[in-house]
J.: 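Can you read through this structure? Questions will come right after.
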Amino acid sequence: IKDGEFLVLVGPSGCGKSTSLRMLAGLEETDTGHIRIGDKDVTHVAPKDRDIAMVFQSYALYPHMTVAENMGFALKIAGVAKEERDRRVKEAAKLLDLEQYLDRKPKALSGGQRQRVGIARALALTPDLLIADEPTSALDVSVQARFLDLLQNLQDRLKFACLFITHDLAVVDILSHRIAVMQEGRLVEIGERDQILKRPENEYTRRLISAVPVPDPAEQRARREARLSMN
């Protein structure tokens with residue numbers, strides 16, 4: 001995954017996407033091979049020391065904590081001083097338009113707001129890599145579109161690398177620079193967005209894409225730009 005790149009990993013349920021994610025994050029041990037971030041081999045490095053942040057499908061917020069406490073908890077565990085924690089939390093909250101919600105508990109927020117808290121918590125860690133694991137699955141379609149636009153805008157501004165995992169090809173074109181396709185635990189094809197969507201080389205990739213109606217990329221981008229111009 002290149003610096004500043006959105007790599008979208010697609011494939012059906014059970015193909016190995018989440019296992020790959022867990023190995024990358026250090027939550028599963030690897031039997032062979034190496035995991036490198038930049039020039040650092042992190043294969044046997046503890047999760048907290050890998051400079052990776054994650055956004056989950058289920059939000060994964062602590063219900064007894066306020067938004068600010070949720071956003072700053074991982075920083076506290078990492079030993080970041082309170083003054084620096086508060087600065088990072090406020091900075092991330094401003095980016096995600098969450099400043100007015102910092103003292104609220106998660107149950108007082110909508111699904112879209114909770115997902116924004118999840119992103120803000122991840123960005124507060126200033127990670128080398130952001131992993132988003134099916135983050136739109138629990139959102140309504142209208143909220144999903146706004147969330148994807150928000151994530152793309154943040155990536156354009158902050159230039160972080162992102163691995164976005166999904167089984168829904170309908171959202172791939174909005175975000176991806178490159179697409180990786182997985183089948184039964186194997187990476188079967190990887191390439192630029194338009195090449196994978198329009199001219200896939202692998203037979204499984206062709207079947208996967210033909211089974212799901214994918215909006216025309218130019219049409220998708222035009223609709224996205226129109227939405228952004230209205231905001």
Side-chain angles (χ1 to χ4, degrees), residues 1-7 21-22 24-27 35-40 42 45-136 138-139 143-144 146-165 175 177 228 231:
I1 305 172
K2 303 172 185 176
D3 288 342
E5 177 183 51
F6 256 109
L7 178 66
L21 175 154
R22 291 176 62 81
L24 185 57
L27 305 176
I35 298 171
R36 292 186 174 89
I37 298 178
D39 57 0
K40 183 180 179 183
V42 299
V45 172
K48 66 181 180 65
D49 297 322
R50 292 196 181 198
D51 288 326
I52 291 175
M54 300 177 67
V55 179
F56 301 94
Q57 173 184 345
S58 61
Y59 317 132
L61 302 178
Y62 295 105
H64 63 286
M65 293 183 182
T66 64
V67 167
E69 289 168 341
N70 266 284
M71 289 170 57
F73 185 68
L75 295 171
K76 182 177 181 180
I77 294 298
V80 176
K82 186 177 186 307
E83 183 176 334
E84 175 64 11
R85 289 203 311 267
D86 291 344
R87 184 191 69 79
R88 290 205 211 172
V89 166
K90 290 177 181 177
E91 191 174 83
K94 185 175 182 179
L95 278 172
L96 276 298
D97 194 23
L98 291 168
E99 293 169 292
Q100 64 269 43
Y101 305 118
L102 287 174
D103 293 329
R104 297 189 187 182
K105 299 287 182 66
K107 66 180 181 181
L109 305 179
S110 67
Q113 289 167 342
R114 292 178 196 176
Q115 196 59 285
R116 279 159 52 200
V117 174
I119 299 177
R121 175 182 56 192
L123 294 181
L125 293 168
T126 59
D128 287 333
L129 174 65
L130 178 69
I131 301 176
D133 183 18
E134 306 260 15
T136 61
L139 302 176
V143 177
Q144 180 185 100
R146 292 197 298 272
F147 171 81
L148 293 173
D149 279 343
L150 171 63
L151 189 57
Q152 185 190 45
N153 288 339
L154 287 171
Q155 199 272 344
D156 285 342
R157 291 167 58 188
L158 303 179
K159 304 302 181 185
F160 53 81
C162 181
L163 175 62
F164 190 99
I165 297 175
L175 294 177
H177 296 133
L228 292 176
N231 292 335

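In this chain, numbering begins with 1 at the start of the sequence shown.
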J.: Using a 4.5 Å cut-off on heavy atoms from C-beta on, say whether the side chain of Ile52 contacts that of Val42.
T.: no
J.: Can you name the one residue among Val67, Val55, Leu96 that meets side-chain contact (heavy atoms from CB on, under 4.5 Å) with Val117?
T.: Val67
J.: To check you understand the geometry: which heavy-atom pair defines the closest contact between Asn70 and Tyr62, and what is its length?
T.: OD1-N, 2.7 Å
J.: From Gln115 CD over to Leu109 CG, what is the distance, rounded to the nearest 0.5 angstrom?
T.: 12.0 Å
J.: Would you sort out whether Asp51 and Leu129 count as a side-chain contact (heavy atoms from CB on, under 4.5 Å), showing the intermediate values?
T.: CA-CA 7 Å; Asp51 288 326; Leu129 174 65; over 6 Å; no
J.: Is it the case that over 12 heavy atoms from other parts of the model lie below 6.0 angstrom from the CG atom of Asp103?
T.: no
J.: Nearest 0.5 Å, please: how far is NZ in Lys159 from CG in Asp3?
T.: 11.5 Å
J.: Do you know the tightest heavy-atom contact between Ala25 and Pro47?
T.: O-CB, 3.4 Å
J.: With heavy-atom distances below 4.5 Å as the criterion, would you say the side chains of Leu21 and Met54 are in contact?
T.: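 Of all side-chain heavy-atom pairs linking Met54 with Leu21, at least one is under 4.5 Å.
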J.: Heavy atoms only: give me the nearest Arg85-Lys76 pair and the separation to one decimal.
T.: CD-N, 3.4 Å
J.: Would you check if the side chain of Arg114 reaches a backbone N or O of Pro106 as a donor-acceptor pair within less than 3.5 Å?
T.: yes
J.: How close do Gln155 and His177 get, heavy atom to heavy atom, and via which atoms?
T.: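 So the minimum-distance heavy-atom pair works out to OE1-CE1, 3.9 Å.
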J.: How many angstroms lie between CZ in Phe6 and CG in Leu130, if you round to the nearest 0.5 Å?
T.: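 Nearest 0.5 Å value for the CZ-CG distance: 7.0 Å.
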J.: So, the side chain of Arg116 versus the backbone of Asp97: is there a donor-acceptor pair under 3.5 Å, distance only?
T.: yes
J.: Do you know which two heavy atoms are closest between Ile131 and Ile165, and how far apart they sit?
T.: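 It is CG2-CD1, 4.5 Å.
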J.: Begin with the C-alpha distance, continue with both residues' side-chain angles, and end with the deciding distance and a verdict on salt bridge (Lys or Arg N to Asp or Glu O under 4.0 Å) for Lys82 and Asp86.
T.: CA-CA 6 Å; Lys82 186 177 186 307; Asp86 291 344; 2.8 Å; yes
J.: Please say which of Ile119, Thr66, Val89 ends up in a side-chain contact (heavy atoms from CB on, under 4.5 Å) with Met71.
T.: Val89
J.: For atom CD of Glu83, decide whether the heavy atoms of other residues, nucleotides or ligands shown that lie under 6.0 angstrom number more than 12.
T.: no
J.: List the atom of Leu61, the atom of Arg121, and the distance in Å for their closest heavy-atom pair.
T.: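 Scanning both residues, the minimum pair turns out to be CD2-NH1, 3.5 Å.
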J.: Assess whether side-chain contact (heavy atoms from CB on, under 4.5 Å) is satisfied between Val45 and Ile37, documenting all intermediate values.
T.: CA-CA 11 Å; Val45 172; Ile37 298 178; over 6 Å; no
J.: Checking Glu84 against Arg88 for the salt bridge (Lys or Arg N to Asp or Glu O under 4.0 Å) test, could you report, in this order, the C-alpha distance in whole Å, the side-chain angles of both residues, the deciding distance, and whether it holds?
T.: CA-CA 6 Å; Glu84 175 64 11; Arg88 290 205 211 172; 3.1 Å; yes
J.: Nearest 0.5 Å please: distance from the CG atom of Leu27 over to the CZ atom of Arg50.
T.: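 Here the interatomic distance stands at 8.0 Å.
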